[in-house]
Amino acid sequence: MTDGTIDDDPAALVTAGSRVLAAAGQDDMVWGHLAVRDPGGRGVWMKSAGWGLEEITPDRVLLVSWTGELLAGSGRVHLEHHIHTGIMRARPDVQVSLHTHASTVNAFSALGEPLRALSHDAAVFAEHGLPRFTATDNLVRTPELGRALAADLGAARACLMPGHGLAAVGRDLAHAVMYGILLERACRTQLTARAAGELRHWTGHQECLEKDAVAWPDSQIDAGWQYWRRRAGLLRAR
């Protein structure tokens with residue numbers, strides 16, 4: 001689905017995903033991260049701690065073992081690597097996971113209400129719902145918390161982490177990053193509507209499922225991903 005020049009290079013995938021998330025406004029100084037499953041099964045590739053998403057280059061990407069040891073690269077391992085190892089151990093279908101501190105998602109989570117399909121963006125979460133992580137608002141700093149997050153995520157495409165942001169996953173980089181971007185946009189739309197008054201209309205569940213199939217097939221996920229790659233300066237318009 002993505003450009004063949006980066007498909008086989010985990011460090012390039014982490015770089016591209018990180019840059020796109022920053023371009024989409026989900027940067028938070030040096031916090032937040034994205035991980036790619038190691039093709040050899042050794043663990044996950046993720047950015048080095050201490051760098052912003054927009055600052056990531058392949059030489060700032062680390063291979064981290066399933067138990068948190070640094071296997072390749074130079075830098076510090078993020079304390080919250082348990083987010084990614086916990087999810088990927090529980091979900092063999094997940095090749096990419098991400099965690100950002102999107103402020104609109106934190107604001108929406110504080111309302112304690114369901115995400116309503118006020119736009120196309122929310123329809124992508126209809127099939128499996130949008131769960132909430134309940135174990136802690138604190139950092140996911142232990143294997144137990146990583147497993148708890150994976151359990152709350154279940155089969156879903158993304159999960160709210162109240163007071164802490166979001167987690168999103170995908171079978172490839174395009175899907176994971178687009179789900180993270182779409183969740184932030186959907187939360188922002190609902191916050192805007194709620195600020196104006198009571199919600200009176202949203203798309204029902206069955207129609208959301210139908211809309212997801214029409215609005216967000218692989219071709220449209222890829223179209224959005226390629227757009228964001230251009231926005232991030234990673235791909236030239238042709």
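From a predicted model like this one, the values you see are computed outputs, not experimental measurements.
Residues Phe108 and Leu115 have side chains in contact (heavy-atom distance under 4.5 Å, counting atoms from C-beta outward). At a threshold of 4.5 Å between non-hydrogen side-chain atoms, the residues Leu98 and Tyr179 do not count as touching. Here the side chains of Val30 and Trp51 are not in contact, with every heavy-atom distance at 4.5 Å or above. Counting only heavy atoms from C-beta outward, the side chains of Trp225 and Leu173 approach each other to under 4.5 Å. Proximity of Arg37 to Val96: side-chain heavy atoms (C-beta onward) are nowhere separated by under 4.5 Å. You'll find the side chain of Leu111 reaches within 4.5 Å of the side chain of Leu191, heavy atoms only. You'll find the side chain of Val64 stays beyond 4.5 Å of the side chain of Leu71, heavy atoms only. Side-chain atoms of Gln190 and Glu113, non-hydrogen and from C-beta on, do get closer than 4.5 Å to each other.
Counting non-hydrogen atoms of other residues, nucleotides and ligands closer than 6.0 Å to NE2 of His164 gives a total above 12. A 6.0 Å sphere centred on CZ of Arg91 holds more than 12 heavy atoms belonging to other residues, nucleotides or ligands. The environment of Arg132 atom CZ is dense: over 12 non-hydrogen atoms of other residues, nucleotides or ligands sit within 6.0 angstrom.
When every heavy atom of Met88 is checked against every heavy atom of Val44, the shortest pair comes out as SD-CG1, 3.7 Å. Contact detail for Thr85 and His82: the closest heavy-atom pair is OG1-CA, 3.4 Å. Of all heavy-atom pairs spanning Ser48 and Gly75, the tightest one is OG-CA, 3.5 Å. When all heavy atoms of Arg194 and Leu199 are compared, the pair lying nearest together is CD-CG, 3.8 Å. Looking at every heavy atom in both residues, Ala176 comes nearest to Ala168 through O-CB, 3.9 Å. Listed here is the closest heavy atom pair of Pro10 and Pro39: CG-CD, 3.8 Å.
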Test side chain to side chain contact (heavy atoms under 4.5 Å, CB included) on Asp172 and Gln95 and set out the steps.
CA-CA 6 Å; Asp172 57 26; Gln95 297 300 314; 5.6 Å; no

Could you give me the CA-CA distance, side-chain angles and deciding distance for His81 and Val140, then say whether side chain to side chain contact (heavy atoms under 4.5 Å, CB included) is met?
CA-CA 8 Å; His81 65 271; Val140 180; over 6 Å; no

Criterion side chain to side chain contact (heavy atoms under 4.5 Å, CB included) on Leu34 and Val36, from CA distance to verdict
CA-CA 7 Å; Leu34 175 147; Val36 172; 4.0 Å; yes

Would Asp222 and Arg229 satisfy salt bridge (Lys or Arg N to Asp or Glu O under 4.0 Å), going step by step from the backbone distance to the final call?
CA-CA 10 Å; Asp222 188 52; Arg229 286 182 70 196; over 6 Å; no

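Counting only N and O atoms by type, the side chains of Thr67 and Glu69 include a donor and acceptor under 3.5 Å apart. Between the side chains of Asp218 and His175, at least one donor-acceptor pair of N or O atoms lies under 3.5 Å.
Side-chain atoms of Arg19 come within 3.5 Å of backbone N or O of Glu54 as a donor-acceptor pair. Between the side chain of Glu55 and the backbone N or O of Gly52, at least one donor-acceptor pair lies under 3.5 Å. Glu184 contributes no side-chain N or O that, together with a main-chain N or O of Ala102, makes up a donor-acceptor pair within less than 3.5 Å. Counting only distance, with no hydrogens or angles, the side chain of Arg141 and the backbone of Leu139 share a donor-acceptor pair below 3.5 Å. Although no hydrogens or angles enter the test, the distance criterion places no donor-acceptor pair under 3.5 Å between the side chain of Lys211 and the main chain of Ala215. For the pair Asp137 (side chain) and Gly163 (backbone), a donor-acceptor distance under 3.5 Å is absent. Between the side chain of Asp38 and the main chain of Gly41, a donor-acceptor pair closer than 3.5 Å is present. Put simply, the side chain of Trp216 gets close to the backbone of His120: a donor and an acceptor are under 3.5 Å apart.
Distance check: Thr100 OG1 to Leu53 CG gives 8.0 Å after rounding to the nearest 0.5 Å. Remark: Ser119 OG to Arg188 CZ distance equals 10.0 Å, nearest 0.5 Å. Leu130 CG to Cys187 SG: the interatomic distance, rounded to the nearest 0.5 Å, is 6.5 Å. Rounding to the nearest 0.5 Å gives a distance of 6.5 Å between CG of Leu235 and CZ of Arg230. A distance of 12.0 Å separates CG of Leu234 from CH2 of Trp228, quoted to the nearest 0.5 Å. Rounded to the nearest 0.5 angstrom, Leu63 CG and Arg42 CZ are separated by 5.0 Å.
Met161 and Ile87 fall within a single hydrophobic cluster, where Ile, Leu, Val, Met, Phe, Trp and Tyr side chains are chained together by heavy-atom contacts under 4.5 Å. Both Leu70 and Ile83 are assigned to one and the same hydrophobic cluster, defined by single-linkage of ILVMFWY side chains at heavy-atom distances under 4.5 Å. Trp66 and Val94 fall within the same hydrophobic cluster, where Ile, Leu, Val, Met, Phe, Trp and Tyr residues are linked whenever their side-chain heavy atoms come under 4.5 Å apart, directly or through other members. Both Leu183 and Met178 belong to a single network of hydrophobic side chains, linked directly or stepwise wherever heavy atoms of I, L, V, M, F, W or Y lie under 4.5 Å apart. Met46 and Leu21 fall into different hydrophobic clusters, defined by Ile, Leu, Val, Met, Phe, Trp and Tyr side-chain heavy atoms under 4.5 Å apart, directly or through other members.
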Donor-acceptor contacts, no H, no angles, side chain residues 145-154, under 3.5 Å, sequence neighbours left out:
residue : atom : partner : partner atom : Å
Asp152  : OD2  : Thr134  : N            : 3.0
Asp152  : OD2  : Thr134  : OG1          : 3.2

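Ring-centre distance between His99 and His84: not below the 6.0 Å cut-off.
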